[in-house]
Amino acid sequence: MHDDQHYLQQAVALARRNVEQGGRPFGALLVRNGRVLAEAVNEIHLSQDPTAHAEMLAIRAASRQSGPRLDDCVIYASGQPCPMCLAAMYLCGVSRAVFAASNEQAEPFGLSTAAIYQQLSKPLEAQRLPVLHLPQAAMSALYQDWQERHAAN
């Protein structure tokens, strides 16, 4: 718990510096066994990339040096991870996430992602964004080809 507080305070400090430099109040650290692998801030204001969230950038930086699996890593974030960042954590194997400010705290400032969580909790056909599944027969063979090539390595 002491380590959680220590790293979370660092994430909040990153967020504070980002606000002072014109960015959003989001910072994140990715830690494995007491070693900070990466730290990042939200860079949407710099890149105009809506995926440039602090957590995503920390995951990308850590993956460049450690590979795509980040098992046994903990991510510390100043704000509650959005669904995109949370999904990325699942995909790369992050073992835990710890955050400082909840979506409820962020709501009055227009920084909550609760509405996206609500959409994603609905069945695909009930979500606001139309997503259409058009099966393609070639995909089964493509997946099979990938599996055979992957197994050979």
Side-chain angles (χ1 to χ4, degrees), residues 1-134 139 142-143 146 150 153:
M1 188 63 147
H2 171 70
D3 283 349
D4 285 347
Q5 284 293 340
H6 172 74
Y7 293 122
L8 199 53
Q9 288 170 4
Q10 287 184 47
V12 170
L14 285 169
R16 177 177 306 286
R17 281 197 300 274
N18 203 41
V19 167
E20 291 166 357
Q21 296 172 359
R24 294 177 178 211
F26 300 110
L29 284 88
L30 195 65
V31 178
R32 178 185 279 152
N33 300 324
R35 183 173 157 251
V36 176
L37 297 182
E39 61 180 46
V41 296
N42 183 295
E43 293 183 359
I44 292 174
H45 68 294
L46 299 175
S47 65
Q48 301 306 306
D49 175 356
T51 69
H53 292 198
E55 299 94 330
M56 293 294 289
L57 295 176
I59 287 169
R60 290 172 188 158
S63 294
R64 281 192 292 275
Q65 58 181 304
S66 300
R69 295 298 307 166
L70 297 173
D71 302 297
D72 302 321
C73 286
V74 179
I75 197 153
Y76 295 92
S78 60
Q80 184 170 344
C82 75
M84 173 186 67
C85 293
L86 189 60
M89 292 176 209
Y90 275 106
L91 286 169
C92 68
V94 166
S95 62
R96 264 186 340 123
V98 181
F99 63 92
S102 68
N103 271 328
E104 292 77 20
Q105 271 181 284
E107 183 68 38
F109 306 98
L111 297 170
S112 173
T113 58
I116 300 170
Y117 273 106
Q118 289 173 342
Q119 282 296 308
L120 293 175
S121 70
K122 297 177 181 181
L124 201 54
E125 64 277 358
Q127 293 179 23
R128 188 179 60 214
L129 177 69
V131 178
L132 180 61
H133 176 215
L134 291 175
M139 287 308 299
L142 183 56
Y143 283 173
W146 174 83
H150 187 340
N153 291 334

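- Between the side chain of Arg69 and the main chain of Leu91, a donor-acceptor pair closer than 3.5 Å is present.
- Side chain of Asn18 to main chain of Asn42: a donor-acceptor pair is present (N/O by atom type, distance under 3.5 Å, no hydrogens or angles).
- With hydrogens and angles ignored, the 3.5 Å screen pairs a side-chain donor or acceptor of Gln65 with a backbone N or O of Leu37.
- Of the possible donor and acceptor atoms, one in the side chain of Gln105 sits under 3.5 Å from a partner among the backbone N and O of Ser102.
- In this structure the side chain of Val31 reaches within 4.5 angstrom of the side chain of Tyr76, judged on heavy atoms.
- Side-chain atoms of Glu39 never come within 3.5 Å of backbone atoms of Val36 as a donor-acceptor pair (strictly under, hydrogens ignored).
- A donor-acceptor pair under 3.5 Å is formed between the side chain of Asn103 and the backbone N or O of Thr113.
- For Arg16, there are no side chain to side chain donor-acceptor pair (under 3.5 Å) partners at least two apart in sequence or on another chain.
- Under a 3.5 Å cut-off, the side chain of Gln119 and the backbone N or O of Arg128 do form a donor-acceptor pair.
- Interatomic distance, CD1 of Ile59 versus SG of Cys73, reported as 9.5 Å (0.5 Å rounding).
- Between the Asp72 side chain and the Arg32 main chain, no donor and acceptor come within less than 3.5 Å of each other.
- A side chain to side chain contact (heavy atoms under 4.5 Å, CB included) with Glu55 is found for one member of Met84, Arg60, Met89 and no other, namely Met89.
- Residues forming a ring pair (Phe, Tyr, Trp, His ring centres under 6.0 Å) with Phe26 (at least two apart in sequence, or on another chain): none.
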